[in-house]
Amino acid sequence: MRGVALVGCGFVADLYARSLASFPQVQVLGAHDRDPARMSAFCAYWKIREFPSMERLFEAMPKDGVILNLTNPGQHHVVNRACLEAGFHVWSEKPLAVTMEQARDLHDLAVAKDLQLASAPCSVLGEAAQTLAHAVRTGVAGVPQLVYAELDDGYIPQAPLEAWVSESGAPWPYIDEFRTGCTLEHAGYYLSWLIAMFGPVRTVVAASAGVILNKRGVTDAAPDVSVATLFFHSGMVARLTCSIVAPHDHRMRVVGEDGVLEMARAWDNAAPLKYRRRLRIRRRLLEHPIGRRIRLVGPTHPMMGRRGAASMNFALGPVEMLDAIAQGRPCRLGGDYALHLNEVTLAIQNAGETTGAQAMQTTCGVIEPMPWAR
Ligand SMILES: NC(=O)c1ccc[n+]([C@@H]2O[C@H](COP(=O)([O-])OP(=O)(O)OC[C@H]3O[C@@H](n4cnc5c(N)ncnc54)[C@H](O)[C@@H]3O)[C@@H](O)[C@H]2O)c1
């Protein structure tokens with residue numbers, strides 16, 4: 001039995017707990033939150049042990065276990081650092097840190113202490129992403145030439161946010177979400193797929209803006225829209241859009257020389273992949289209107305069978321890290337990759353109006369496909 005412990009018992013912790021239940025070989029040792037009432041509600045709901053302090057959590061942790069940092073983004077650096085300093089492997093919710101200075105500090109500390117450090121999202125390890133990457137590798141649409149990826153969530157400030165409550169009763173923290181910004185929160189969902197398919201990013205040419213000036217009383221929010229053109233070392237070019245303004249659209253389209261690979265739902269591990277072959281009919285050129293479903297052969301991983309963010313299995317990342325520790329290899333989503341993902345995400349979020357082209361200072365190696373997707 002391999003163990004994880006949770007720090008932060010808020011909205012996302014319930015998604016982790018539900019996901020972890022799909023891996024019975026992983027034991028949840030307990031959880032800590034600096035808000036005792038929230039910790040008690042969460043631990044009572046999931047019938048797990050409460051750790052009243054980080055020190056008590058550390059005492060109960062085996063060295064081959066993983067601490068899941070599920071706190072708010074502004075707390076990631078301090079909590080990740082405390083766990084690494086205490087000698088534990090860390091799976092952090094995204095972003096790894098809110099500045100590159102903090103992210104480098106964590107990366108270097110993990111290397112110095114020979115510990116695993118990786119950050120969400122982990123949907124790149126899920127069936128949808130792995131199927132798409134496999135289709136790209138095997139040339140289903142011919143040589144890929146351009147990607148359009150959209151992470152538009154709809155006009156979120158008008159959504160019934162007060163009604164968004166997690167299983168154990170945590171409200172969706174919209175004030176923190178608005179201040180953190182949708183790019184820092186969400187760009188990684190597709191950036192991770194893009195880096196897995198096309199390798200590290202060389203240059204980011206992005207712009208970001210705040211176009212809804214008052215979001216439910218929040219007037220000091222981070223940008224609510226960003227559009228980035230990403231130039232990869234491999235030569236690939238991709239456009240990535242993030243917003244909480246434009247109508248909901250979570251498509252990724254990989255345009256190849258023979259047609260288009262299209263994924264409609266970024267957050268659904270079970271989302272179908274369509275291939276639309278390009279056709280020449282008389283004097284017209286069009287993509288196949290129905291398309292063909294592309295599937296991997298064989299079982300992949302436990303699906304959540306739910307909607308929205310809850311259709312992602314949040315445990316895929318922590319389980320990958322536990323496997324990496326047991327097998328004595330680096331976690332697929334750790335090390336240089338985690339740092340690079342953080343740099344590209346921050347470059348897009350902070351681009352504003354006039355930054356222009358940004359040359360990335362970090363890079364990373366290949367993210368190996370999952371064994372069932374090779
Ligand atoms: N809300 C979502 O839908 C969602 C989805 C995916 C990922 N995430 C990510 O999950 C993380 C947490 O988001 P959330 O929505 O659960 O936020 P939340 O505010 O609901 O929960 C965060 C919890 O962390 C606790 N906390 C903060 N600092 C702490 C510290 N230093 N020590 C102990 N506890 C501390 C808070 O008391 C709170 O209960 C963020 O990084 C976010 O980007 C959120």
Side-chain angles (χ1 to χ4, degrees), residues 121-152 186-202 228-242 249-280 285-305 311-313 316-317 320 332-333 337 340-341 344 364-374:
C122 62
S123 62
V124 63
L125 306 178
E127 183 178 295
Q130 295 281 319
T131 305
L132 178 58
H134 186 269
V136 167
R137 274 199 311 282
T138 55
V140 169
V143 176
Q145 292 158 327
L146 177 68
V147 178
Y148 273 16
E150 331 290 347
L151 288 165
D152 289 310
H186 295 161
Y189 284 115
Y190 270 156
L191 271 179
S192 55
W193 296 28
L194 292 168
I195 294 170
M197 288 189 285
F198 306 114
V201 176
R202 187 179 68 234
T229 305
L230 308 169
F231 296 83
F232 291 78
H233 285 279
S234 60
M236 193 59 184
V237 175
R239 183 193 75 183
L240 176 66
T241 305
C242 290
D249 184 353
H250 277 191
R251 273 179 306 167
M252 180 184 277
R253 287 167 292 171
V254 179
V255 182
E257 57 185 350
D258 299 331
V260 179
L261 291 162
E262 182 175 320
M263 184 65 72
R265 296 194 300 274
W267 291 347
D268 182 354
N269 290 154
L273 174 65
K274 282 276 177 79
Y275 171 50
R276 299 182 193 281
R277 193 163 56 86
R278 200 168 296 119
L279 306 168
R280 272 168 40 190
L285 186 64
L286 45 92
E287 264 91 46
H288 198 291
I290 300 168
R292 164 167 75 90
R293 176 138 185 210
I294 307 287
R295 292 172 191 268
L296 289 171
V297 180
T300 57
H301 60 80
M303 296 295 168
M304 303 313 294
S311 59
M312 278 185 282
N313 192 325
L316 297 180
E320 155 63 11
R332 279 179 173 77
L333 303 185
Y337 160 80
H340 186 60
L341 179 69
V344 178
C364 65
V366 173
I367 302 173
E368 288 295 326
M370 295 302 277
W372 41 261
R374 286 195 184 117

Legend entry - N/O donor-acceptor pair under 3.5 Å between Arg332 side chain and Pro369 backbone: yes

Legend entry - Gly126 backbone acceptor or donor facing Asn269 side chain under 3.5 Å: no

Inset, instruction - Would you give the length of the straight line joining atom CD1 of Ile294 to atom CG of Leu261, rounded to the nearest 0.5 angstrom? - result: 6.5 Å

Inset, instruction - Quick one: pull up CG in Leu316 and CD in Glu127 and give me the separation to the nearest 0.5 Å. - result: 10.5 Å

Legend entry - Closest non-hydrogen atom pair between Leu273 and Ala135, with its separation: CD2-CB, 3.9 Å

Inset, instruction - Using atom types as modelled and distance alone, determine if a side-chain donor or acceptor of Gln130 lies under 3.5 Å from a backbone N or O of Met370. - result: yes

Legend entry - Pairs flagged by side-chain hydrogen bond (donor to acceptor under 3.5 Å, both in side chains) wherever residues 254-264 is involved - sequence neighbours left out: Glu262-Arg276

Legend entry - Nearest heavy-atom neighbours spanning His340 and Cys364: CD2-SG, 4.1 Å

Legend entry - Smallest separation among heavy atoms of Gly256 and Gln145, with atom names: C-OE1, 3.6 Å

Inset, instruction - Supply the atom-to-atom distance His250 NE2 to Tyr190 OH, rounded to the nearest 0.5 angstrom. - result: 7.5 Å

Legend entry - Over all atoms of both residues, closest heavy-atom pair of Ala196 and Val124: CB-CG2, 3.6 Å

Legend entry - Heavy-atom pair with the smallest gap, counting every atom of Met236 and Val147: CE-CG2, 3.6 Å

Legend entry - Arg292 side chain reached by Arg277 side chain, heavy atoms, under 4.5 Å: no

Inset, instruction - Find out whether Met252 and Tyr189 are in side-chain contact, i.e. whether some heavy atom of one side chain is under 4.5 Å from a heavy atom of the other. - result: no

Inset, instruction - Mind checking salt bridge (charged side-chain N to carboxylate O under 4.0 Å, His left out) for Glu150 and listing every partner two or more places apart, or none if nothing turns up? - result: Arg239, Arg253

Inset, instruction - Give, for atom OG of Ser192 and atom OH of Tyr337, the distance between the pair rounded to the nearest 0.5 Å. - result: 4.5 Å

Legend entry - Validation row: Leu230, Leu191 side chains within 4.5 angstrom (heavy atoms): yes

Legend entry - Note, Glu287 side chain near Val255 side chain (heavy atom, < 4.5 Å): no

Legend entry - Exercise: identify the closest heavy-atom pair between Pro272 and Met263: O-SD, 3.5 Å

Legend entry - Spacing of Leu296 atom CG and Thr131 atom OG1 [to the nearest 0.5 Å]: 3.5 Å

Legend entry - Partner set under salt bridge (charged side-chain N to carboxylate O under 4.0 Å, His left out) for Arg265, not counting sequence neighbours: Asp268

Inset, instruction - Look only at the side chain of His288 and the backbone of Tyr275, and say whether a donor-acceptor pair between them is shorter than 3.5 Å. - result: no

Inset, instruction - Give a yes or no on this: more than 12 heavy atoms of other residues, nucleotides or ligands lie within 6.0 Å of atom CZ of Arg280. - result: no

Inset, instruction - Could you tell me how the ring of Phe232 sits relative to the ring of Phe198: parallel (under 30°), tilted (30 to 60°) or perpendicular (over 60°)? - result: perpendicular

